[in-house]
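Beneath this line is the structure, given in structure tokens, with notes to follow.
Remember, predicted model here, so these are calculated numbers, not experimental data.
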Amino acid sequence: MRRVRFHAYGGPEVLRVEEAKPPVAGPGELLVRTEAIGVTLPCVRRTHGDGNGGGDPLPAVPGGEIAGTVVAVGPEVTGFAVGDRVTSLTFKGSYAELALAPAFLADRIPDDASAVEAVALVRSGQVALAALSTAAPRDGESVLITGAASATGHLAVQLAKLQGVPRVVAAVSSAAKAEFLYGLGADEVVTYDQDSWGEPADIVLDGVGGELLPRALTAVAEGGRLIFFNSGGGTVPAYELLAGSKTVTGLTMRRFTTVHRERYEQHRAQLWELAGAGRLRAAVHAELPLEEAAKAHEIIEARANLGKVVLRP
């Protein structure tokens with residue numbers, strides 16, 4: 001099978017397509033022939049060695065989400081069979097024609113949905129819903145979302161409006177993304193370089209981090225809360241928390257899927273229901289062949305995407 005692997009940390013240039021033996025499904029795992037592979041900012045950052053504790057151990061196959069067809073079922077797996085079309089979080093090793101997926105995170109793809117739609121909707125939608133449910137917006141509260149045009153961000157904008165949030169502010173790197181976000185329901189669009197992001201928001205969902213984190217915390221209203229769900233790191237100015245009685249909560253899907261299994265299952269059903277009813281749109285920015293994984297990373301690093309970037313084996 002073909003896979004993409006990197007043997008040294010660096011930019012898109014470190015990615016190499018190579019031939020490898022297919023993996024074997026172990027206990028609790030599904031072996032999936034991939035039809036669509038999601039490209040995410042955390043995956044890109046890990047190739048630099050600057051995410052999730054310093055990057056993936058070398059050499060590594062990047063990736064964290066797939067959609068495709070089950071070709072083998074490991075021991076202790078129930079509820080799935082060879083031939084099932086599924087999408088799943090994988091957390092690593094998905095840039096390949098065959099990839100392993102934890103069965104407890106797998107979800108059957110509806111007959112009327114494509115693999116690309118599934119991979120664009122489920123993982124990013126799960127992150128967006130996890131962030132919103134962690135924030136738990138109350139009546140009348142406002143929400144600001146950084147990285148709002150990203151695969152997760154553009155779904156979070158829509159989901160916040162569907163939950164009745166009266167003011168959703170989309171924060172992005174470029175004003176060129178404004179039309180896209182207004183079309184998804186954003187009430188305001190601001191760019192990171194603006195002197196002001198307008199009135200502070202009760203809730204900030206930060207999918208960017210890094211140098212933007214202090215600015216995101218400043219955008220939180222007094223007594224408000226910031227949900228930090230990115231791999232960008234950053235420094236929290238403690239005085240800002242104290243002076244504004246603000247809180248910061250970290251969110252990782254690895255822990256969320258383990259600790260909040262019931263909510264994860266509810267979110268999964270909710271995403272398919274909303275998409276099937278045409279109320280939630282998972283935008284796909286680009287579909288690229290596996291051999292162009294480096295180009296996919298370039299798009300993400302440039303923050304040029306409006307929605308999801310997908311690899312097709």
Side-chain angles (χ1 to χ4, degrees), residues 3-5 15 23 25 28-47 51-52 56 60-71 80 84-110 113-131 147 150-156 159 207 229-231 251-258 264-265 267-268 271-272 275 280 282-290 292-293 296-297 299-300 305 307-313:
R3 69 181 180 187
V4 174
R5 192 158 70 150
L15 300 177
E29 293 181 325
L30 302 173
L31 181 61
V32 178
R33 183 171 299 282
T34 58
E35 299 170 26
I37 302 162
V39 181
T40 68
L41 182 57
C43 292
V44 172
R45 282 173 166 161
R46 288 200 296 273
T47 66
N52 285 2
D56 292 331
V61 178
E65 57 194 57
I66 58 172
T69 302
V70 176
V71 296
F80 290 98
D84 288 344
R85 296 175 67 240
V86 299
T87 183
S88 180
L89 302 180
T90 58
F91 298 116
K92 63 179 181 178
S94 63
Y95 285 24
E97 291 179 314
L98 292 165
L100 296 173
F104 81 96
L105 294 178
D107 183 23
R108 282 187 179 81
I109 301 173
S114 69
V116 170
E117 180 184 359
V119 84
L121 175 71
V122 175
R123 182 267 179 190
S124 299
Q126 282 281 12
V127 176
L129 280 177
S150 69
T152 296
H154 86 287
L155 293 176
L159 289 164
F229 62 94
N230 65 81
S231 60
L251 168 70
T252 67
M253 289 307 294
R254 190 181 293 274
R255 176 171 171 77
F256 188 89
T257 56
T258 302
Y264 184 81
E265 295 296 335
H267 290 171
R268 179 165 24 197
L271 289 167
W272 284 121
L280 181 65
V284 176
H285 180 87
E287 297 180 38
L288 298 168
L290 195 62
E292 294 187 23
H297 279 219
I299 294 171
I300 298 293
N305 56 304
K308 195 73 175 176
V309 176
V310 178
L311 294 175
R312 300 292 301 271

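With His154 contributing its side chain and Ala282 its backbone, the two residues share no donor-acceptor pair below 3.5 Å. In terms of modelled atom types and a separation under 3.5 Å, the side chain of Glu287 and the main chain of Leu311 share no donor-acceptor contact. No donor-acceptor distance shorter than 3.5 angstrom exists from the side chain of Thr87 to the backbone of Asp107, with no hydrogens or angles considered. Thr34 contributes a side-chain N or O that, together with a main-chain N or O of Ala96, makes up a donor-acceptor pair within less than 3.5 Å. Between the side chain of Asn305 and the backbone N or O of Gly307 there is at least one donor-acceptor pair closer than 3.5 Å. A donor-acceptor distance shorter than 3.5 angstrom exists from the side chain of Thr257 to the backbone of Arg254, with no hydrogens or angles considered. Under the 3.5 Å distance criterion, the side-chain polar atoms of Arg85 are matched with a main-chain donor or acceptor of Ala113.
For the side-chain contact (heavy atoms from CB on, under 4.5 Å) criterion with Val310, the lone passing option out of Val284, Leu288, Val39 is Val284.
Between His297 and Tyr95, the ring-plane angle classifies as perpendicular under the 30° and 60° cut-offs.
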ask   = Checking side chain to side chain contact (heavy atoms under 4.5 Å, CB included) for the pair Ser88/Val86: CA distance, chi angles, key distance, verdict?
value = CA-CA 7 Å; Ser88 180; Val86 299; 5.5 Å; no
ask   = Can you list the steps and then say if Leu129 with Phe256 is a side chain to side chain contact (heavy atoms under 4.5 Å, CB included)?
value = CA-CA 11 Å; Leu129 280 177; Phe256 188 89; over 6 Å; no
Step-by-step side chain to side chain contact (heavy atoms under 4.5 Å, CB included) determination, Val122 to Glu65 = CA-CA 9 Å; Val122 175; Glu65 57 194 57; over 6 Å; no
task = Would you sort out whether Glu35 and Thr69 count as a side chain to side chain donor-acceptor pair (under 3.5 Å), showing the intermediate values?
result = CA-CA 8 Å; Glu35 299 170 26; Thr69 302; 2.8 Å; yes
inquiry  = Run the side chain to side chain contact (heavy atoms under 4.5 Å, CB included) test on Thr90 and Leu105 for me, step by step, so that the C-alpha distance in whole Å, both residues' side-chain angles and the decisive distance to 0.1 Å come before the verdict.
reply    = CA-CA 8 Å; Thr90 58; Leu105 294 178; over 6 Å; no
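Within 6.0 Å of the CZ atom in Arg268, the count of heavy atoms belonging to other residues, nucleotides or ligands exceeds 12.
A salt bridge is absent between Lys308 and Glu117; no separation between the charged side-chain nitrogens and carboxylate oxygens falls under 4.0 Å.
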